[in-house]
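Residue numbers begin at 1 in each chain, while the letters A, B, ... track the order of the sequences.
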Amino acid sequence: MDPIVTRFPPSPTGYLHVGGARTALFNWLYARHTGGRFVLRIEDTDTVRSTQASVDAIFEALRWLEIDWDDGPYFQSQRIEIYLDYARRLYEAGHAYYCTCSPEAVEEMRRRATAAGANPRYDGTCRERGLGPQPGAVLRFRAPATGTTVLDDVVKGSIVFQNSELDDFVLVRSDGMPTYNFVVVVDDITMGINSVIRGDDHVMNTPKQIQIYRALGARLPVFAHVPMVLGPDRTRLSKRHGAMSVTAYRDMGYLPDAFINYLVRLGWSCGDQEFFTRRELIEKFTLENIGRSAGVFDLAKLQALNADHIQANGPEALVPHLEPILARSGLAAGDVPSLARVIRSLQPRSKTLEEMAEQARFYFEEEVSYDPAAAKKLFKPATLDPMQRLAAALEKIPEFSEAALEAAFTAVMDATGLKLGKIAQPVRLALTGRTASPGIFETIEALGREKTLARLHQAVKYLQAVAEAET
RNA sequence: GGUCCCAUCGUCUAGUGGUUAGGACGCCGGCCUCUCACGCCGGUAACAUGGGUUCGAAUCCCAUUGGGAUCACCA
């Protein structure tokens, strides 16, 4: 059996959006799963809407998703000669003919057909006129007028189209540029694509494409039309539903592995399994398990999955993903004894890396500012004594290991008769400025000796002032 | 409007003629606990409707309804 060859053909008219990312993913996964090839093709024949910036944005997004390709990128704009050569073959074989009907005339035909309640289509005026190539003429496909064209779709099953519903569509425009449905087929044939996985907004194009394959005597690829991704209001996902650009999710602190896990699960399943590593996805992805109904993009679920992936990684693996986000807030890894330790303390508490960076802020800053409500509640004159004792005890510890820290706390608890909870909360406020943080020992370890001691002394001063004000 | 597709908890889904219709997210409660989380335990909630076929339908067929896609010299 031939190796599977899939492709992803974005048109560079904007960033890579969620739906596009998912079809890229399905094609990539299928190629990797089968040990086949994945080709990247840029469909830039629309010269007015295509931009280099979009091409770059697509590459950037693919790179972030860690979707690599084996072949390409091909640019359709550089393959015009190939398409025209195939157009010539079609014409010479009698599968295409020149048509001089004006766009207005064709428009009029459509209007009439629509008014009659029929499918708007070209009426075949020039079909038998035997016109040759000439300026201003378009090349039309001589489509079969009767019978049916059937699409055997891997996900949707067999779909039958009446040929009478289809018309003699344009292959080459009057300006000599080939059209989409035509170039796609030529590309897929010449690039050896044997598995076409794409959004199901393409099913209506497929019968036309199948007819071109037939006219060219080429073997049909396997077609798999995957359902759309919808917004919460069940309409096609768009800007008003929030972020569309894939890289926006990177910037919001989602891990690429979590993002692809979510995207694949939206429209594909493997029994009850929800969490997949990239490896598992490659190992288990098959076309057979793609669902047939459209799915709503759910940020809450993406978030939950992201949290799972954050926890599943080692702290070191998260560093390269977190650093750019920290940098955005002016936080640098060098300002902390061990970034890995900081990350480890926050892993079970962060749904996104952006959240993690926010929660990590106190580790980096020079000074803490106390949450006013918490200071009022926790910094009472009575806490001065235990705070002083703890500061003194920690001063003496040679090394801030968890065991040594715990011993120091225990000593203070014994001396004061206070429970850990009574001591930990004021200390937490002293160290972080907040009432919520990682475990107190974890926090101290990650904060490091220098900052811990400085903040404890700062708190002692604050408490002394409070005590004085009281008297 | 024509053509085509789709239809299980709010959401993502498992299910392929016989299940107390399962899981996940969310939400609610409890446990754990130095806070917040994590984790664990439990709860909430679905087969769009109507006809068939069958001893028996979420599963098969038809219709209805509802959603979606597409109808270019765009891709």
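- One interatomic measurement links the two molecules: CG of A:Leu305 to C1' of B:rC12, which rounds to 10 Å at whole-angstrom precision.
- We find that CD of A:Glu442 is positioned 13 Å from C1' of B:rU33, with the value rounded to whole Å.
- With a 3.5 Å ceiling on both atom-pair distances, the Watson-Crick or G-U wobble partner of B:rG29 is B:rC41.
- Between the P atoms of B:rA57 and B:rG42, the separation comes to 33 Å (whole Å).
- Among the nucleotides B:rG23, B:rU11, B:rC5, the one closest to any side-chain atom of A:Arg234 is B:rU11.
- B:rC60 and B:rG18 have their P atoms separated by 12 Å, with the value rounded to a whole Å.
- Distance CG (A:Leu266) to P (B:rU13): 6 Å, rounded to an integer number of Å.
- With hydrogens and angles ignored, no donor-acceptor pair closer than 3.5 Å exists between the side chain of A:Thr179 and the base of B:rC73.
- Residue A:Arg121 is classed as having no contact, given no heavy-atom separation below 4.0 Å to the nucleic acid.
- One donor-acceptor pair, N or O on each side, does fall under 3.5 Å between the base of B:rC34 and the side chain of A:Arg428.
- Between the CZ atom of A:Phe161 and the P atom of B:rG2 there is a distance of 17 Å, rounded to whole Å.
- Distance A:Glu288 CD to B:rG15 C1': 17 Å, rounded to the nearest Å.
- The nucleotide whose nearest atom lies closest to any side-chain atom of A:Asp272 is, among B:rG23, B:rC36, B:rU70, B:rG23.
- The local environment of NZ in A:Lys284 is crowded, with over 12 non-hydrogen atoms from other residues, nucleotides or ligands closer than 6.0 Å.
- Using a 4.0 Å heavy-atom cutoff across all strands shown, A:Gly291 reaches no nucleic acid atom at all.
- For A:Pro103, counting side-chain heavy atoms from C-beta on, the closest listed nucleotide (B:rC73, B:rG23, B:rC25) is B:rC73.
- Across all strands shown, nothing is found opposite B:rU59 as a Watson-Crick or G-U wobble partner with both distances under 3.5 Å.
- Figure legend. B:rA48 is base-paired to B:rU64; pairs are counted as Watson-Crick or G-U wobble with both atom distances under 3.5 Å.
- Of the N and O atoms on the side chains of A:Tyr363 and A:Ser345, at least one donor lies less than 3.5 Å from an acceptor on the other residue.
- Comparing the C1' positions of B:rA58 and B:rU19 gives an interatomic distance of 11 Å, to the nearest angstrom.
- Contacts of A:Val138 with the nucleic acid, taken as non-hydrogen atoms under 4.0 Å apart, include base atoms.
- Contact annotation: A:Arg292 side-chain N/O to B:rU16 OP1/OP2 distance is not under 4.0 Å.
- Listed nucleotides B:rC25, B:rG68, B:rU35 differ in distance to A:Gln425; the shortest reach to its side chain belongs to B:rU35.
- For the C1' atom pair drawn from B:rC55 and B:rG22, the interatomic distance equals 27 Å after rounding to whole Å.
- Closest approach to the A:Arg265 side chain among B:rU13, B:rA75, B:rG26 is made by B:rU13 (side chain taken as heavy atoms from C-beta onward).
- Place A:Asp233 and A:Lys301 on RNA chain B by their nearest nucleotides, and A:Lys301 ends up nearer the 5' end.
- A donor-acceptor contact closer than 3.5 angstrom links the side chains of A:Arg428 and A:Gln425.
- The distance from the CG atom of A:Asp385 to the CG atom of A:Leu390 is 11.0 Å, given to the nearest 0.5 Å.
- Proximity note for A:Lys156 (side chain, C-beta onward) versus B:rC5, B:rC36, B:rA75: the nearest is B:rC5.
- Between A:Thr45 and B:rA75, a side-chain N or O to OP1/OP2 separation shorter than 4.0 Å is present.
- Contacts of A:Ser174 with the nucleic acid, taken as non-hydrogen atoms under 4.0 Å apart, include base atoms.
- Contacts of A:Ser269 with the nucleic acid, taken as non-hydrogen atoms under 4.0 Å apart, involve only primed sugar atoms and P, OP1 or OP2.
- Sequence order on RNA chain B of the closest nucleotides to A:Gln311 and A:Glu165 puts A:Glu165 first from the 5' end.
- A close approach under 4.0 Å does not occur between any side-chain nitrogen or oxygen of A:Arg49 and OP1 or OP2 of B:rA75.
- Comparing B:rA48 with B:rA21, their P atoms sit 15 Å apart, to the nearest whole Å.
- Smallest separation of non-hydrogen atoms from A:Asp44 and A:Gln76: OD1-N, 3.2 Å.
- The side chain of A:Pro348 sits closest to B:rC38 out of B:rC38, B:rA72, B:rC5.
- When heavy atoms are screened at a 4.0 angstrom cut-off, A:Gly295 is found touching the sugar-phosphate backbone but no base atom.
- Ranking B:rC38, B:rU13, B:rC6 by closeness to the A:Ser293 side chain, first place goes to B:rC6.
- Here B:rA75 presents its C1' atom at 14 Å from CG of A:Asp188, a figure rounded to the nearest Å.
- For B:rG15 and B:rG23, the C1' atoms lie 11 Å apart once the distance is rounded to whole Å.
- The same atom, P, is picked in B:rA63 and in B:rG2; the two are 15 Å apart, to the nearest Å.
- With C1' as the reference atom, B:rA24 and B:rA69 are 29 Å apart, rounded to whole Å.
- Checking B:rC4, B:rA72, B:rC38 against the side-chain heavy atoms of A:Arg110 singles out B:rA72 as nearest.
- Here the CG-OH distance, from A:Leu299 to A:Tyr262, works out to 8.0 Å after rounding to the nearest 0.5 Å.
- The side chain of A:Met228 approaches B:rA69 more closely than any other nucleotide in the set B:rC25, B:rA69, B:rA75.
- Atom CE in A:Met109 sits roughly 23 Å away from atom P in B:rG2 (whole-Å rounding).
- A:Phe362 does not carry A:Arg434 over the face of its six-membered ring by the limits of under 6.0 Å from the centre and within 45° of the normal.
- Using a 4.0 Å heavy-atom cutoff across all strands shown, A:Leu420 reaches at least one base atom of the nucleic acid.
- Residue-level contact check: A:Pro227 touches neither bases nor backbone, having no heavy atom under 4.0 Å from any strand.
- The phosphate of B:rG1 has neither OP1 nor OP2 within less than 4.0 Å of any side-chain N or O from A:Arg112.
- In this structure, OH of A:Tyr262 is placed 12 Å from C1' of B:rG26, rounded to the nearest angstrom.
- Using Watson-Crick or G-U wobble geometry with both donor-acceptor distances under 3.5 Å, B:rA24 finds its partner in B:rU11.
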- Query: Could you walk me through whether A:Glu43 and A:Arg198 pass the salt bridge (charged side-chain N to carboxylate O under 4.0 Å, His left out) check?
  - Reply: CA-CA 14 Å; A:Glu43 309 213 324; A:Arg198 61 189 4 171; over 6 Å; no

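- A parallel orientation is assigned to the rings of A:Phe141 and A:His95, their planes being inclined by less than 30° (bins at 30° and 60°).
- Nucleotide B:rA69 forms a pair with B:rU3, judged by Watson-Crick or G-U wobble geometry with both contacts under 3.5 Å.
- Base orientation of B:rC38: syn (glycosidic angle within 90° of 0).
- In summary, of the residues considered (A:Lys351, A:Arg349, A:Gln347), a side-chain contact (heavy atoms from CB on, under 4.5 Å) with A:Ile310 occurs for A:Gln347 alone.
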